[in-house]
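Treat the numbers as computed from the prediction; the structure is a model and nothing was measured.
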Amino acid sequence: AWQLSLKGSSAQKDEIGRHREYSVFRINAKERVIMANITESYLIDHFYEALEKKQIQAYFQPIFRSLTGKVFCAESLARWIDPEMGMIVPADFIPVLEKSRLICDLDMEMLRQACAAYQELSGRGTPIQSFSVNLSRQNFLNEDVFGKITAILEEYHVPHAAVKLEISESLMLEDADMFRRVFHMFQ
């Protein structure tokens, strides 16, 4: 069974965890100045290179069950650490990737990395019930999004029930027909 959840806008989180260790990132004033100088063309020109060189990584925000205090889910969050620019925050690169229609490639890469982490954790006997991956509405303009997602899950032997696909509420509110079509694809 697929799990689709709607995600509203939320404040940027500064605590992020990877599946091997937990890290806290705080952006200092110098890094903010560098980020202000990143141009759209730099992000677009370096995007595929960054994916290939693993400069864009899925970091995992653990979600704890309050009754047990144990991690039961993890949210996959894209982080771009550029060798020249340092950490590029999602607020800087996500809108550019959406505008240039590259966001779908990022979403599928985050799904691949989340599946690889799920597979690794399962192989080590570390229980995690599920993980969530954000999907841009642009994914649903592609008629084959269901096939792409299914192929990635099968490649990593990840059960459908282990994935929560998060889509923005704006998809439902702005285009009800598209939302219905997407919802029926994943039923």
* **Derivation of the side chain to side chain donor-acceptor pair (under 3.5 Å) call for Arg79 and Gln55** => CA-CA 8 Å; Arg79 296 295 183 256; Gln55 294 166 357; over 6 Å; no
* **Side chain Gln113, main chain Ala78, donor-acceptor under 3.5 Å** => no
* To do: Kindly give the heavy-atom pair with the smallest separation between Asp92 and Ile88, and that separation in Å.
  => CB-CG2, 4.0 Å
* For Ser130 and Lys164, work out which heavy atoms get closest and say how close. => OG-CE, 3.6 Å
* To do: Give me the ring orientation class for Phe131 and Tyr118: parallel if the planes are under 30° apart, tilted from 30 to 60°, perpendicular past 60°.
  => tilted
* Structure fact -> CG of Leu97 to CG of Asp107, rounded to nearest 0.5 Å, is 9.0 Å
* Output yes when a side-chain donor or acceptor of Glu75 lies under 3.5 Å from a complementary backbone atom of Phe60, and no otherwise. => no
* Separation between CD1 of Ile103 and CZ of Phe93, rounded to the nearest 0.5 Å -> 7.5 Å
* To do: Report yes if the side chains of Val96 and Phe47 come closer than 4.5 Å at any heavy-atom pair, otherwise no.
  => no
* CZ/Arg112 to OG/Ser76 distance, rounded to the nearest 0.5 angstrom? -> 12.5 Å
* Rounded to the nearest 0.5 Å, what separation is found between the SG atom of Cys115 and the CD atom of Glu120? -> 13.0 Å
* To do: Check whether any side-chain N or O of Asn139 sits under 3.5 Å from a backbone N or O of Val145 as a donor-acceptor pair, and report yes or no.
  => no
* Would you please test Gln129 and Cys73 for side-chain contact (heavy atoms from CB on, under 4.5 Å) and show each step? => CA-CA 6 Å; Gln129 291 178 348; Cys73 184; over 6 Å; no
* **Side-chain heavy atoms of His160 within contact of Thr150, under 4.5 Å** => yes
* Donor-acceptor contact present, side-chain Gln119 to main-chain Tyr156, <3.5 Å -> yes
* List the atom of Lys148, the atom of Met108, and the distance in Å for their closest heavy-atom pair. => CB-SD, 4.2 Å
* CZ/Arg101 to CD1/Ile44 distance, rounded to the nearest 0.5 angstrom? -> 12.5 Å
* To do: Evaluate the side-chain proximity of Gln57 to Glu109: yes if any heavy-atom separation is below 4.5 Å, no if none is.
  => no
* Structure fact -> dist Leu106:CG -> Leu111:CG (nearest 0.5 Å) comes out at 11.0 Å
* Has the side chain of Thr39 got a donor or acceptor atom that lies under 3.5 Å from a matching backbone atom of Tyr42? -> yes
* Closest approach of Tyr48 and Leu102, non-hydrogen atoms and distance? -> OH-CD2, 3.3 Å
* Structure fact -> Sorted by chain and residue number, the side-chain hydrogen bond (donor to acceptor under 3.5 Å, both in side chains) partners of Glu40 (sequence neighbours excluded) come out as Lys99
